[in-house]
Each structure stands twice: as structure tokens, then as C-alpha cells.
Amino acid sequence: MPLYECVFIARNDVTQQQVEGIADTVATQLDTDNGAEAGASVKKREYWGLRSLAYRIKKNRKGHYMLLGLDSKPAPVLEMERQLRLNEDVLRFMTLRVEAIEEGPSAILSRKSEDRERGFRGPKPAGRFDSGRKRGFDEREEFRARDETEREGRMPAGVEE
């Protein structure tokens with residue numbers, strides 16, 4: 001039977017449990033009547049998390065990403081796409097036919113774990129115009145000049161009693 005990978009993006013407003021619920025409805029729909037005799041099933045499920053979108057989609061800047069690995073005939077996949085198209089919480093989806101469904105984590109999840117492993121890389125080097133020395137609030141020039149005039153007992157220029 002052909003293998004498919006489907007990635008869909010759900011709205012930012014929904015929770016992770018609701019996204020899992022959308023994936024559950026897709027799975028049950030594939031397992032029911034038109035998929036039962038065909039032996040259609042969901043082989044892989046990955047929640048990629050709430051991620052920023054490259055551009056705004058229906059006034060959303062972020063979306064919940066979910067990957068589904070499907071083992072099904074084309075007719076149930078078309079019905080699944082129709083149901084996703086009707087669902088208001090789904091912003092976009094894409095289904096591709098693949099040769100094999102990878103058993104391990106996808107590239108997105110493996111990259112996320114590598115980012116967590118890197119951790120703290122040390123202090124930031126000084127910038128082009130920065131000496132690297134951080135000055136406090138009172139160390140700036142205008143505050144030093146004001147303090148010197150007040151210590152001498154005279155009022156700064158432009159201030160009258």
C-alpha cells in the first residue's frame with residue numbers, strides 16, 4: 001500500500017490537546033468504513049510544537065505543527081484532506097507520497113534536541129563599537145558633569161533659582 005506523510009498547521013488559539021484531537025479524528029476516520037477493509041492506518045505521529053510562521057496566514061503569526069505518517073490507499077487520503085480543508089482550526093496542510101516512513105524522529109525534532117544540547121556558549125564578544133565594558137546608569141558623561149557642578153555648589157547652566 002502507498003505511504004504518505006501529512007503535515008498540518010493548526011491555529012495558535014487552540015491547545016496542544018485540541019491538535020492531538022484533530023490527529024485522532026484523522027486516525028479514526030482512516031480506520032473507519034472506507035479505510036477498514038483497505039487496512040489504512042497512522043504509522044507515525046509527531047507534534048512539532050508551536051512555531052513561528054514564515055508569513056501571516058489568516059491573521060496568525062504562529063501555528064501548531066503536526067506530522068502524520070500514513071499507510072493507506074489514495075481514496076481515504078483524499079477524504080482525510082477534504083476533512084482537514086473543512087476544519088476551521090487547520091490553517092494549512094500538505095500530503096506527500098513517500099517511499100518509506102522513517103522510524104526515528106524527523107529532522108525537525110532531531111534539530112530541536114541538538115539545540116537543547118548546545119546550551120550556554122559563553123559571554124558575547126564585544127561588538128564593533130563597544131569596548132566590552134558595560135557602563136552603569138550614573139557613569140555616563142552627562143551625569144558625571146551634573147554631579148561635579150552640584151559638588152562645587154553652583155547651579156548647572158540654564159537652571160535658575
Residue pairs meeting salt bridge (charged side-chain N to carboxylate O under 4.0 Å, His left out), one or both in residues 96-105, sequence neighbours left out, come to none

Members sharing Leu50's hydrophobic cluster, built from side-chain contacts under 4.5 Å between Ile, Leu, Val, Met, Phe, Trp and Tyr, are none

With sequence neighbours left out, the residues meeting side chain to side chain donor-acceptor pair (under 3.5 Å) with Arg92 are none

Sorted by chain and number, sequence neighbours left out, salt bridge (charged side-chain N to carboxylate O under 4.0 Å, His left out) with Arg61 holds for none

What donor-acceptor contacts under 3.5 angstrom involve side-chain atoms of residues 6-18, with partners at least two apart or in another chain?
residue: Arg11; atom: NE; partner: Asp89; partner atom: OD1; Å: 3.1
residue: Arg11; atom: NH1; partner: Asp13; partner atom: OD2; Å: 3.0
residue: Arg11; atom: NH2; partner: Asp89; partner atom: OD1; Å: 2.8
residue: Thr15; atom: OG1; partner: Gln18; partner atom: N; Å: 3.3
residue: Gln18; atom: OE1; partner: Thr15; partner atom: N; Å: 2.8

Do Val19 and Tyr47 come within less than 4.5 Å of each other through their side chains, counting heavy atoms only?
yes

With sequence neighbours left out, the residues meeting side chain to side chain donor-acceptor pair (under 3.5 Å) with Glu81 are Thr95

Hits for side chain to side chain contact (heavy atoms under 4.5 Å, CB included) against Lys58, two or more places apart or cross-chain, chain-then-number order -> Asn60, Leu91

Those residues at least two apart in sequence (or on a different chain) that pass side chain to side chain donor-acceptor pair (under 3.5 Å) with Ser106 are Glu46, Trp48

Exercise. Check whether any side-chain N or O of Lys44 sits under 3.5 Å from a backbone N or O of Gly104 as a donor-acceptor pair, and report yes or no.
Key: yes

Students should find that the hydrophobic cluster of Leu78, defined by side-chain heavy atoms under 4.5 Å apart, otherwise consists of none

**Item:** Lys62 atom NZ: more than 12 heavy-atom contacts under 6.0 Å
**Value:** no

Tracing side-chain contacts under 4.5 Å among Ile, Leu, Val, Met, Phe, Trp and Tyr outward from Leu86 reaches none

Can you find a heavy atom in the side chain of Glu5 that is under 4.5 Å from one in the side chain of Leu68? no

